[in-house]
Amino acid sequence: MTKIPALANEKEAINQLLVFQIQEVSFGVDARQVSSIDEPQNVNQDEIQVLKLHEVIPFKDRSINYKSPKMLMVNTPVDHGAIFVEAPDDIIFLNASQIKPVPTLVSQLNVSTAIWGVFVRDGRTILVLDIDSLMAEGQKSKGKG
Amino acid sequence: MENEVMPVVVKDNEGESEIVEIDEERQKLVIFTLLDGYYSFFGDDVKEILPYTPITYVPGMPKYIPGIINVRGDIEAVLDIHTYMGFPGVNLNSNNRIIIAEKNEVRSGILMDSVQDVVDIPISAIHPTLSTLDVKIRDFVVGQTTYKDHMVIILDIGKIFEKMIS
């Protein structure tokens with residue numbers, strides 16, 4: 001289990017973005033919402049809600065092969081759960097104002113409301129996810145299934 | 001739309017010619033190709049014409065939105081108008097352009113084969129469209145004109161955006 005480091009100085013670094021990649025798409029989540037990163041085999045999936053990102057936000061290639069899967073252990077207002085992702089490859093310190101809102105067509109037409117922002121650094125475009133929305137949508141889609 | 005004073009030759013009752021000046025409303029059009037056809041948007045709705053820029057894929061979007069681009073720090077969605085109109089997808093090459101269009105507070109990039117020209121034509125050169133128009137695009141068409149002997153279908157980007165998000 002990897003513990004996420006606490007902010008060195010909250011005033012200087014308002015946000016830490018935990019970045020991971022799935023099918024060459026970079027995603028970022030607010031690291032403060034992630035309590036730890038676990039190996040999937042160490043997580044009891046009967047006890048907590050586990051969602052796979054690609055099942056909530058479908059990719060054009062629906063079969064996703066994870067090279068180094070990890071579980072992001074997250075805390076939502078109602079519950080705690082885990083998100084199954086590719087191993088995070090970066091933690092970026094940034095000011096929240098550097099995150100741009102997604103364009104209107106993306107917010108209106110995406111099947112998920114979890115992609116709320118975009119952060120660009122050194123030519124890398126990172127889609128910023130809201131964990132609360134993601135977990136809520138994951139729960140809803142499981143309910144439907 | 002702009003008004004411009006145009007010299008026009010008129011004949012009086014006795015057949016005498018006289019040159020008079022009349023106000024003629026004009027319309028700017030951005031003409032582009034889509035497969036083998038010529039199409040245009042109103043110039044007022046087009047904010048910028050960009051060379052092709054790599055598009056970042058966004059999962060969870062309809063197929064006709066291949067992703068987003070970064071335009072000098074602003075993030076814009078990109079609409080693949082081929083796919084949206086039900087035509088085969090764009091073959092990417094150096095002629096591809098992304099135009100940034102905005103109408104009714106919706107703004108987006110639009111990926112197209114190539115941009116041919118930006119022209120300023122008198123309103124009188126815009127005609128109603130033929131009823132035989134392709135059903136895929138009929139809802140978005142507001143008229144037609146000619147450009148270098150080609151028929152140009154004029155599309156209203158506002159109608160396209162409206163249908164997309166309705």
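- Proximity to chain A among residues 148-166 of chain B is limited to B/F161, B/M164, B/I165, judged by heavy-atom separations below 4.5 angstrom.
- Sequence neighbours left out, the pairs with a member in residues 66-88 of chain B that pass salt bridge (Lys or Arg N to Asp or Glu O under 4.0 Å) are B/E48-B/R72, B/E76-B/R107.
- Here A/N110 is the residue among A/T104, A/I57, A/N110 with the most heavy-atom pairs under 4.5 Å with chain B.
- Residues of residues 115-128 of chain A that come closer than 4.5 Å to chain B, counting heavy atoms only, are A/I115, A/V118, A/V120, A/T125, A/L127, ordered by residue number.
- Looking at B/I65 and A/L105, their side chains come closer than 4.5 Å, going by heavy atoms from C-beta outward.
- B/T53 pairs by the side chain to side chain contact (heavy atoms under 4.5 Å, CB included) definition with B/I69, B/I98, not counting sequence neighbours.
- No more than 12 heavy-atom neighbours from other residues, nucleotides or ligands sit within 6.0 angstrom of CG on B/D36.
- Rounding to the nearest 0.5 Å places OH of B/Y57 at 7.0 Å from CD of A/Q23.
- Of the residues considered (B/P54, B/P62, B/G67), B/P62 shows the highest number of contacts with chain A, using heavy-atom pairs under 4.5 Å.
- Distance check, rounded to the nearest 0.5 Å: NZ of A/K60 to CE of B/M61 gives 13.0 Å.
- The two residues A/P58 and B/P59 have their closest heavy-atom pair at O-CB, 3.5 Å.
- Per-residue heavy-atom pair counts under 4.5 Å with chain B were compared for A/V102, A/V111, A/L109, and the maximum is reached by A/L109.
- Closest of all the heavy-atom pairs between B/A77 and A/P103 is N-CG, 3.3 Å.
- Counting heavy atoms of neighbouring residues, nucleotides and ligands inside a 6.0 Å radius, atom CD of A/E24 does not exceed 12 of them.
- Note on B/I75, B/V58, B/N70: by heavy-atom pairs under 4.5 Å with chain A, the leading option is B/I75.
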